Trainee: 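Just passing along the structure, written as structure tokens.
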Amino acid sequence: MIRLFKDPKFQEKVVFLFLFLATLIIIVPVVLVIALIVARGSSVLSWEFLTAMPRMGMRAGGIFPAIVGTSYLVAGTLIFALPIGIFSAIYLSEYSRRNALTRLIELAIVNLAGVPSVVYGLFGLGLFVLFLKFGASILAGSLTLGVMVLPVIVTASREALQSVPKTFREVSYSLGATRWQTIRHAVLPHALPGILTGAVLSLSRAAGETAPILFTVAAFYLPRLPKSVFDQAMALPYHLYVLSTQVPNVKLELQYGTALVLVGLVVIANLVAAVIRGYFRVKKQW
Amino acid sequence: MCRADMVDPKIQIENVNLYYGTFQALKDVTLNIPEREITAIIGPSGCGKSTLLRCLNRMNDLVSGTKVKGRVMIDGKDIYHASVDLVGLRKKVGMVFQRPNPFPISIFDNVAYGPSIHHLASKRQRSHIVERALSAVDLWESLKDRLSDSALSLSGEQQQRLCIARLVAVEPDVLLMDEPCSALDPIATERIEELMRQLVKDYTIVIVTHNMQQAARVSHRVAYFYLGELIEFGPTEKIFTRPSRQETEDYITGRFG
Ligand SMILES: Nc1ncnc2c1ncn2[C@@H]1O[C@H](COP(=O)(O)OP(=O)(O)OP(=O)(O)O)[C@@H](O)[C@H]1O
Ligand SMILES: [Mg+2]
């Protein structure tokens, strides 16, 4: 028996089996979750469900305002967080020398990424809703989500920039390019796929989080579309929460249908990003 | 093979000392590089060949902690003077690196990189510049139908030619080449050498090489460096047949070390 365990070929098989099982365990919950949502939720999916206002205290009709609300929030988040995140990543990776200040910034980014999302919700309530008097609004919600995803964008963009080979920069300088021209033409284009990954990750998070929007934008029941960024809006994750806990006698299918739409939107965004990345990978490689 | 006199040298290096932090990589180097000739820099690994080359387009500025003392004059102007425009200098003094390093973009965009950054030409003129630059390195005929292909699809030799074309497109005066053939096979190497012989009609070329035969074949003058010092500088035939320093002879005959 002990002989057997010392046999390299046997070890090889055991190790392989363990690694394979570990990987399998990761896949199982994902598959189960998706299967459950699809099985329970697909029956309510219809054109009406996607495009109509909710009716009868959200027990019938569609979830259109929540889809629109979440889309606005995601767009608002990215409009705010992408430029700031990418610019600071460029600063950190291309301009700053490593010193006490940049180390402090790095520390802040790491810690920011670990803050629970409900804390961001309270922060947004305090700063954007109350202090800056935006009220509970798409603006306040987007800004709150934006602050939450900034660390993700900065970290992903920075890694993407740093993975661009040094020779690209050297060649560019040696051809007489300035620092900004070098970043703009020899570095950024090649970092784009990685930056995109950060953007999609943060998009998924912004679309799915409930806590940060709870006090800053989400409307319980608002069967009309928001008219400006200072309006409240419904949002998919919050709607799902409301259906599951706050409204009695809702058909279970409605909850699963809402979850299905939310997951579907995130998956579509990921697929689009994967296609774009694949396109870059075919065209650009080093 | 080379003119005996050196009336106006293109590059005058005068008493240059270079420090990386506290380490002195170049020691009191004085050297005149003539126009439209190929000057080869040889010497054992770590003797400062690349460092000297990177002095000439101030690429060492990118390494923090470098200090340069002395003067480097190109066309009579000190390139380390405070008023010097680095962009202008690097346009004029271009560099070819050891490994072929085209950008992972199309062949056309590689050659057009410099011109488009410097706004040298409108979009239409740009294709003209690309054609001229690729012709100058003998790539135009074979590549003219696949300009939009990725530069990485080319062979090593073609990639290195492309890098030279990318340089030629910004119309420099001086080409610095740091072991440009070390990643190529002997046949490709020979063809790049032939290209250098063509290019030297229009450009001043400084090449670093570990290959003695290459230095003997292509260069007009040779500078031998050892531990950051210039040991001997002279016409190629003289260095390879009657070197005046014993160290030089030991190195070129392989009796070194
Ligand atoms: N950035 C740097 N910081 C500190 N020391 C350096 C740096 N770059 C080079 N050196 C040192 O300076 C000396 C000269 O380096 P250089 O690269 O010029 O040598 P070289 O002659 O080109 O060698 P090789 O033939 O191996 O390319 C070496 O001892 C090297 O270790
Ligand atoms: Mg070197």
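Note that the structure is a prediction, hence the values are computed from the model and not measured. Below, read A as the first sequence line, B as the second, and so on, with proteins coming before strands; counting in each chain starts at 1.
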Trainee: Considering residues, nucleotides and ligands other than Y95(A), do more than 12 of their heavy atoms fall under 6.0 Å from its OH?
Mentor: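 Check passes, neighbour count above 12.
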Trainee: Could you tell me whether the side chain of L175(A) reaches within less than 4.5 Å of the side chain of K91(B), counting heavy atoms only?
Mentor: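 A side-chain contact is absent here, since even the closest heavy-atom pair is not under 4.5 Å.
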Trainee: Which atom names give the shortest non-hydrogen contact between E170(A) and M59(B), and what distance separates them?
Mentor: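 Closest approach of E170(A) to M59(B): O-CE, 3.3 Å.
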Trainee: Can you measure from OH (Y173(A)) to CG (D61(B)) and round to the nearest 0.5 angstrom?
Mentor: 11.5 Å
Trainee: Contact part of R58(B) toward chain A, heavy-atom cut-off under 4.5 Å: side chain, backbone, both or neither?
Mentor: neither
Trainee: Given heavy-atom pairs under 4.5 angstrom as the criterion, report whether the side chain, backbone, both or neither of V96(B) touches chain A.
Mentor: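 Contact with chain A involves no heavy atom of V96(B) at all.
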Trainee: Return the minimal non-hydrogen interatomic distance between I117(B) and A177(A), and the atom names on each side.
Mentor: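 In terms of heavy atoms, the two residues are closest at CD1-CB, 3.7 Å.
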Trainee: Below 4.5 Å, heavy atoms only, C-beta onward: do M95(B) and V171(A) meet side chain to side chain?
Mentor: no
Trainee: For residues 72-83 of chain A, run the donor-acceptor check on the side chains, cut-off 3.5 Å, and write out each pair with its distance to 0.1 Å, sequence neighbours left out.
Mentor:
| from | atom 1 | to | atom 2 | distance (Å) |
| --- | --- | --- | --- | --- |
| T77(A) | OG1 | L73(A) | O | 2.6 |

Trainee: Take a 6.0 Å sphere around NE2 of H128(B) and say whether it holds more than 12 heavy atoms from other residues, nucleotides or ligands.
Mentor: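 Result for NE2/H128(B): open.
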Trainee: Check each atom of L62(B) against the heavy atoms of chain A and say whether the ones under 4.5 Å are side chain, backbone, both or neither.
Mentor: side chain
Trainee: Would you mind reporting whether Q181(A) and V87(B) have side-chain heavy atoms less than 4.5 Å apart?
Mentor: no
Trainee: What's the verdict on side-chain contact (heavy atoms from CB on, under 4.5 Å) for H190(A) and I105(B), showing C-alpha distance, side-chain angles and the deciding distance?
Mentor: CA-CA 9 Å; H190(A) 309 292; I105(B) 52 180; 3.8 Å; yes
Trainee: Of the non-hydrogen atoms in F168(A) and F103(B), which two are nearest, and what is the gap between them?
Mentor: O-CE2, 3.6 Å
Trainee: A quick test of your reading: do over 12 heavy atoms of other residues, nucleotides or ligands sit less than 6.0 Å from CZ of R169(A)?
Mentor: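 Atom CZ in R169(A) is packed in, count exceeds 12.
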Trainee: Which one wins on heavy-atom pair count under 4.5 Å against chain A: K92(B), R54(B), R99(B), H118(B)?
Mentor: H118(B)
Trainee: Verify, without hydrogens or angle tests, whether H185(A) (side chain) and S116(B) (backbone) share a donor-acceptor contact under 3.5 angstrom.
Mentor: no
